[in-house]
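One structure is given below, encoded as structure tokens.
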Amino acid sequence: MKKTGNVTALYERLSRDDELQGESYSISNQKKLLRDYALQNGFTNLRDYTDDGISGLRFDRPGFMQMMGDVESGDIGTIIVKDMSRLGRDYLKVGQCTEMLRQKGIRLISVNEGTDTFKAEDDFAPFRFIMNEWYARDTSKKIHSTFVAKGNSGKHVASSPPYGYMKDPDDPEKWIVDPEAAEIVKEIFKLTMQGLGPYMIAKILEERKVPIPGYHQKMLGMGLYQSYDFKHPYRWCSSTIVSILSRQEYLGHTVNFKTQKHFKDKKSHYVSEDNWKVFENTQEAIIDQDTFDAVQRIRGTVKRYPNGWGEVSPLCGHMFCADCGGKLYIHRRYNGTDKNVFVCGNYSKQPIRTLCPTGHRIDEDTVIDIIRQTLKYVKSDIENNADGFISRLQDDSGDEYKDDIKAKKQLISKYKVRIDELENLICKIYEDNITGKLPDNRYDILSKKYEEEQMDIRDKVNTLEQEIQNISSSETDCNRFINAISQYDDFEEITPYMVNELIDKIVIHEREQRGAIVNYTQKVEIYFSFIGKLELPAAEDEELTEEELAEKKAEMDKLEARRKRLHENYLRRKASGKTREDYEKNKAKKKAQKEERMRQNPNTYGIPVNEYKKMVAKA
């Protein structure tokens, strides 16, 4: 037997659950019991190892780890505990621990259970280990049932309110608004509506030295970080901003059961939203529903990062390709005009033109001008006759909505048939595997494949059902759109906030003739928030004389001839490789300019200093 040390380890542990059992489980009582036993039985060189307030399901306890470290170093010869549950309540790990101690020749004594590994084997030890774990499991179930009952009744189950709220001093079960933090929450939503992403919002708050949520709550004497030492109390993270933007609690709702954990787990983990329990209007709202919905739409369409070119375009995240459905991304054009151009993101993905045949290029200024004129017309139409606008809108969109809903329902029926087919296939290969017709490895591959497809289709069905619900509700949302657009008196400046509030998406079709830069036609469809796409009446042609008609026709023929000539030039340049040569040349130029801008403005994330200061000032 391996030689062991002469230290007698006295190990005490107390968890919060043990505190409910009375004083006999207290650390002081355990220490007295173990010391009296050790002295009465001739043990010397006593050393205490203590874990106070830590569950026996955890084995990263500081006192326990220190003791096991001394075991490994050969210092300890004997370990004495009040009972085996003090070592832990996971029967597998406790069993491994006791076996390791036996192999090292270390004596283990449990005072209350009369166990001494040097005197005799304890045949009942494995059963005690199981019962100790059963106790922890049973306690966990009781706590969980109380927790669930409280959550199902609509009461808050979170240990502390989210940033922006605090507990009511008169009733801790209720949340009230924290004025200082609530203003920051509102500002974060506002900045998102203005087109800034989480990264830039975090940097702006950090530069203004706004305390981060944990530090702010610590200063108020609340939250989970009372003893935490904040080394960077003003360093906001993008993940914190994202979390704030997604919390339904700011609508005034209680959201319970967002996380769960096994009774052996140290930390909780998030679960899908269909497992959440939402109780509406339980506290004062900080963010209104329309703003919250708009922000979720923004967060779902595009991620915004500083791109070295200044402020984010107001159209970013709203532009979509009519052919492939992909997003259009903004680029800087280098042909002397230095303009922003939107291009379909799928067009250039390799192999090029496989996901989308053309780039659907369109100038940012062109789309903004279309939006400006459209909003002016709609605002004027509403001011002249709001009731007529609502009536016309419902008449125009009724058939479109019905057709869209019908198509989505047909697709859902098709998906559900496939789900049933997959379920039958899973049952069949299971039976074949049980009877030996299908090998285990082949069964595992097919089962995984079928289950993944089934899960993917279920997600698609849930998405379609949600879209149907959104379409149906949007038929009655005319007033919400009217209220939103009525807040604006002037549309000369199209801001990100305005676009995010009033417009859902903008669909870009390809121009009729690629390479033409004059007199070309390109269809643009605008889908507004709440009401969808508007079909504006065509402008009435003014009556012209024969001479005026002839003059107009001659002008159109001249423009058509020029467009044709430019298009032919484009085709020749493309065939000769000149187009690709220019692209590569501009690509290198763009990279060099961006690197130079980053070198000159290292502390403003590549954005020119004057533009960066404007962004911070606006915030």
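The shortest heavy-atom contact between Glu280 and His253 is CA-ND1, 3.3 Å. Of all heavy-atom pairs between Thr192 and Val295, the closest is CG2-CG1, 4.0 Å. What you find for Ile27 and Arg13 is that their closest heavy atoms are CD1-C, 4.0 Å. The two residues Ser15 and Ser55 come nearest to each other via the heavy atoms CB-CA, 4.0 Å. Of all non-hydrogen atoms in Leu220 and Met166, the two that sit nearest each other are CD1-CE, 4.1 Å. Residues Ile506 and Ile503 come closest through the heavy atom pair CG1-CG2, 3.9 Å.
Interatomic distance, NZ of Lys408 versus OH of Tyr415, reported as 10.0 Å (0.5 Å rounding). The line from CD1 of Ile286 to CZ of Arg247 is 10.5 Å long, rounded to the nearest 0.5 Å. Atom NZ in Lys327 sits 9.0 Å away from atom SG in Cys316 (nearest 0.5 Å). Between the CD1 atom in Ile188 and the CG atom in Leu196 there is a gap of 12.0 Å [rounded to 0.5 Å]. Here the straight-line distance linking atom CG of Leu464 with atom OG of Ser413 works out to 10.5 Å at 0.5 Å rounding. The distance from atom CG of Leu245 to atom OH of Tyr250, rounded to the nearest 0.5 Å, is 9.0 Å.
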Inset, instruction - Would you check, one step at a time, whether the test side-chain contact (heavy atoms from CB on, under 4.5 Å) holds for Phe59 with Met65? - result: CA-CA 8 Å; Phe59 283 80; Met65 293 176 68; over 6 Å; no
Legend entry - salt bridge (Lys or Arg N to Asp or Glu O under 4.0 Å) assessment of Lys448 paired with Glu451: CA-CA 5 Å; Lys448 183 179 179 181; Glu451 287 176 357; over 6 Å; no
Inset, instruction - Would you sort out whether Thr495 and Gln194 count as a side-chain contact (heavy atoms from CB on, under 4.5 Å), showing the intermediate values? - result: CA-CA 7 Å; Thr495 64; Gln194 290 176 355; over 6 Å; no
Inset, instruction - Could you check Arg372 against Tyr377 for side chain to side chain donor-acceptor pair (under 3.5 Å), going step by step and ending with a plain yes or no? - result: CA-CA 9 Å; Arg372 181 185 296 112; Tyr377 174 85; over 6 Å; no
Legend entry - Residues Tyr199, Trp236; criterion side-chain contact (heavy atoms from CB on, under 4.5 Å); working and verdict: CA-CA 9 Å; Tyr199 176 79; Trp236 285 76; over 6 Å; no
Inset, instruction - Could you give me the CA-CA distance, side-chain angles and deciding distance for Tyr497 and Tyr488, then say whether side-chain contact (heavy atoms from CB on, under 4.5 Å) is met? - result: CA-CA 11 Å; Tyr497 196 102; Tyr488 298 94; 3.5 Å; yes
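Here the side chains of Glu453 and Leu422 are in contact, with some heavy-atom distance below 4.5 Å. Two residues are said to be in side-chain contact when any heavy atoms from C-beta on lie closer than 4.5 Å; Val499 and Pro314 meet this criterion. The closest side-chain heavy-atom distance from Thr240 to Ile212 is not below 4.5 Å. Side-chain contact between Tyr49 and Glu12: absent, with no pair of heavy atoms (C-beta onward) separated by less than 4.5 Å. Within the 4.5 Å cutoff, no side-chain heavy atoms of Asp178 are placed close to those of Tyr165. With contacts defined as side-chain heavy-atom distances shorter than 4.5 Å, the pair Ile371/Leu315 qualifies. A heavy-atom distance below 4.5 Å is found between the side chains of Lys376 and Glu492. Between Cys237 and Val242 the shortest side-chain heavy-atom distance does not fall below 4.5 Å.
Residues Asn500 and His318 have side chains that bring a donor and an acceptor to within less than 3.5 angstrom of each other. When only modelled atom types and interatomic distance are considered, Asp288 and Thr291 share a side-chain donor-acceptor pair under 3.5 Å.
Lys379 NZ: more than 12 foreign heavy atoms inside a 6.0 Å radius. Residue Phe279 places its CZ atom among more than 12 non-hydrogen atoms of other residues, nucleotides or ligands, all under 6.0 Å distant. By the 6.0 Å contact criterion, CE on Met219 is enclosed, its count of non-hydrogen atoms from other residues, nucleotides or ligands being greater than 12.
For Thr463 (side chain) and Asp459 (main-chain N/O), a donor-acceptor pair under 3.5 Å exists by modelled atom type.
A salt bridge does not link Glu207 to Lys203: none of the charged nitrogens lies less than 4.0 Å from a carboxylate oxygen. Ionic pairing of Asp456 and Lys460 is present here: one or more N-O contacts between side-chain nitrogen and carboxylate oxygen are shorter than 4.0 angstrom. Comment: Glu525 engages Lys533 in a salt bridge, judged by a side-chain N to carboxylate O separation of less than 4.0 angstrom. With respect to Arg61 and Asp51, a salt bridge is recorded, a charged nitrogen being found less than 4.0 Å from a carboxylate O. In this structure, Glu187 does not pair ionically with Lys190, as no charged nitrogen and carboxylate oxygen lie closer than 4.0 Å. Under the 4.0 Å criterion applied to side-chain N and carboxylate O atoms, Lys31 and Asp48 are not assigned as salt-bridge partners.
Classified by interplanar angle (parallel below 30°, tilted 30° to 60°, perpendicular above 60°), the ring pair Tyr225/Tyr228 is perpendicular. Between Phe389 and Phe481, the angle of the ring planes stays under 30°, which puts this pair in the parallel group of the 30/60° scheme.
Annotation: His216 is in aromatic contact with Tyr163 [ring centroid separation under 6.0 Å].
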